[in-house]
Amino acid sequence: GVELTLEVYNQVLSAMAKDKQVDKALGMLSTMRERSIDPDVESYSNCVGACKPSEWERALELVHRVMPAESIEPDGQCFEHAAAACEEAGEW
């Protein structure tokens, strides 16, 4: 079988981001924690990227509240994903 490492989870999260499946992506973060795998900035970036334009407020919440609460510093990619959701929603 496949060993479920941080890298494997991040690849799955990346696919979820492409499909804009934020609920599934956030659920996977919980699964990772349950299995003692700490999500990293890439994990969260994929979750922000999974937000549809209609979910722009959720993208901002992840970047400005959730990530800092988890002691994870958002990177440029996180902000780019959040800005894209806002722009596509006409909120920028």
What is the distance from atom CD of E73 to atom SG of C78, rounded to the nearest 0.5 Å?
9.5 Å

Can you tell me if K20 has over 12 outside heavy atoms packed within less than 6.0 Å of its NZ?
yes

Could you tell me whether a side-chain N or O of K52 sits under 3.5 Å from a main-chain N or O of Q21, the two making a donor and an acceptor?
no

Mind checking whether E70 and P39 have side chains closer than 4.5 Å, heavy atoms only?
no

Is there a side-chain contact between D23 and R58 (heavy atoms, below 4.5 Å)?
yes

Any non-hydrogen side-chain atom of Y44 less than 4.5 Å from a side-chain atom of L29?
yes

One should read off an interatomic distance between I72 CD1 and L62 CG, to the nearest 0.5 angstrom, of 11.0 Å

Mind checking whether H81 and C51 have side chains closer than 4.5 Å, heavy atoms only?
no

Common cluster, V66/V41, ILVMFWY with side-chain heavy-atom separation under 4.5 Å:
yes

Hey, are the side chains of L4 and M32 touching, using non-hydrogen atoms and a 4.5 Å cut-off?
no

Got a second to check how far C47's SG is from K24's NZ, nearest 0.5 Å?
13.5 Å

Report whether V48 and L60 are members of the same hydrophobic cluster (ILVMFWY, side-chain heavy atoms less than 4.5 Å apart, transitive linking).
no

Distance (rounded to the nearest 0.5 Å) between T5 OG1 and E7 CD:
4.5 Å

With rounding to the nearest 0.5 angstrom, report the CG to CD distance, D75 to E80.
9.5 Å

Could you pull out the closest heavy-atom pair between Q77 and S45, with the gap in Å?
CG-OG, 3.3 Å

Could you go step by step and tell me if L13 and M16 meet the side chain to side chain contact (heavy atoms under 4.5 Å, CB included) rule?
CA-CA 5 Å; L13 286 167; M16 289 177 179; 4.3 Å; yes

Atom of S43, atom of L6 and distance for their closest heavy-atom approach
OG-CD1, 3.8 Å

So which atom in E55 and which in A50 form the shortest heavy-atom distance, rounded to 0.1 Å?
OE1-O, 4.0 Å

